[in-house]
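Convention: sequence-line order gives letters A, B, ...; per-chain numbering from 1.
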Amino acid sequence: MDTTLKQTEQVVMLAIMRKHPDAYGVSIFEELAKRLEKEVAMATIYATLDKLEKKGFVKSRQGAATAERGGRAKMFFEITGKGQAALNASLNALDRLRSGTKLSGVTA
Amino acid sequence: VKKHIEEAEALEPVGKTLDELWQQFEVLNDDDRAKLKAGIREEKRRIDDCLATLRRQTAPPPQLAESLISLLAPKKSADAQLGDLQEIFQENVKRFGLERARRMYCIRISREVGPLLLQKLMRWLERFGIIALLIDYGRTKLGF
């Protein structure tokens, strides 16, 4: 099974971690828009979440339906232990690549 | 909420029954009657404002755009995606008004269509194994 992470997967996983325990479509979308300063299509977010779920890196659960959502339920997401390990490994690899370059020590 | 709006709309307008009410308040002097009348009119105006606000807040997003998403999105997440988009729509109605929120919703949906179409195509190709077939073909013919 594929255990590597693409950049979109990394950012979505980080957004889920930041919004935990309230990580669902809108909160992830808003977090990405705020931190990345650009809007990511909701369809892209859900496609990424679907891939991550298939890899076993995130798990979803159905929330309660609300009137402001037209009676539709929220889908909440959280990172699994396996997902956390994969994200950690992926970000560490990036850090190792970055160290020793002009960008080392530069943070957002 | 829609049910409450319908019930409130079904009530007889306060203005129509005012004259009948005045006859029952013959004991009141003209000043008191005027005050009472003004009070009732003010309450009616507030109720009308509340109804208008409720109507705006519960207005559904454009149906055609919604149908497009339900058609293209994967079954598993279509409901959640539509709910999320409606939540953003309702937030925009509160912030920018109904008309602008509708325009923003249509723009947002037009941006969603591209990725959704691509995903649908990929799912379709995966289902029929065409990608594997093309890769095999490439490997055998072109040697990569």
Side-chain angles (χ1 to χ4, degrees), chain A residues 1-2 6-9 11-13 15-16 18-19 21-34 36-78, chain B residues 1-5 53-63 65-95 101 104-124 126:
Chain A
M1 180 179 279
D2 186 13
K6 290 176 189 157
Q7 196 198 8
T8 325
E9 293 170 339
V11 295
V12 168
M13 284 177 87
I16 294 173
R18 295 189 78 93
K19 297 311 287 185
D22 188 38
Y24 71 104
V26 176
S27 66
I28 295 169
F29 170 82
E30 285 173 349
E31 187 66 16
L32 291 177
K34 187 175 152 192
L36 302 179
E37 292 172 356
K38 67 171 183 179
E39 285 194 356
V40 181
M42 201 63 90
T44 308
I45 294 174
Y46 273 96
T48 309
L49 287 166
D50 187 45
K51 278 183 209 158
L52 289 170
E53 201 167 9
K54 278 179 187 158
K55 287 180 185 177
F57 292 166
V58 300
K59 59 181 178 183
S60 64
R61 70 181 161 82
Q62 203 90 339
T66 59
E68 64 171 359
R69 295 171 58 85
R72 296 178 179 108
K74 287 179 184 175
M75 202 185 244
F76 288 99
F77 295 90
E78 60 180 296
Chain B
V1 174
K2 275 180 186 164
K3 194 181 157 221
H4 289 309
I5 292 174
T53 310
L54 266 175
R55 257 187 236 111
R56 273 198 308 275
Q57 286 177 357
T58 54
Q63 279 295 304
E66 241 190 1
S67 312
L68 206 59
I69 296 289
S70 40
L71 193 75
L72 294 173
K75 272 182 195 161
K76 190 188 165 199
S77 62
D79 223 32
Q81 281 192 54
L82 282 169
D84 288 342
L85 290 166
Q86 183 155 353
E87 193 178 325
I88 295 171
F89 170 76
Q90 296 297 353
E91 193 55 44
N92 287 338
V93 171
K94 280 182 210 157
R95 287 172 66 191
M104 288 168 84
Y105 187 85
C106 289
I107 292 168
R108 189 175 298 286
I109 296 299
S110 66
R111 286 182 191 151
E112 298 286 337
V113 168
L116 279 173
L117 269 175
L118 192 68
Q119 287 156 28
K120 195 152 183 91
L121 181 72
M122 293 305 283
R123 280 198 303 276
W124 188 79
E126 268 173 29

Do the side chain of A:Ser27 and the main chain of A:Asp22 share a donor and acceptor less than 3.5 angstrom apart? yes
I'd like to verify something: which residue of A:Gln62, A:Met42, A:Met75 has the highest number of heavy-atom pairs under 4.5 Å with chain B? A:Met42
Residue from B:Arg108, B:Arg111, B:Met122 scoring the most non-hydrogen pairs under 4.5 Å with chain A is B:Arg108
For chain A, the option from B:Ala73, B:Pro74, B:Gly83 that forms the most heavy-atom pairs under 4.5 Å: B:Gly83
Thinking salt bridges, do B:Glu66 and A:Arg72 make one under a 4.0 Å N-O criterion? yes
Can you spot which of A:Lys51, A:Lys54, A:Lys55 makes a salt bridge (charged side-chain N to carboxylate O under 4.0 Å, His left out) with A:Glu9? A:Lys55
If I compare all heavy atoms of B:Gln81 with all of B:Leu116, which pair ends up nearest, and what's the gap? OE1-CD2, 4.2 Å
Which atom pair, heavy atoms only, marks the closest approach of A:Arg69 to B:Ala80? NH2-O, 3.3 Å
Identify which part of A:Glu30 has an atom lying under 4.5 Å from any heavy atom of chain B, answering side chain, backbone, both or neither. neither
Heavy-atom proximity to chain A below 4.5 Å, by part of B:Gln119: side chain
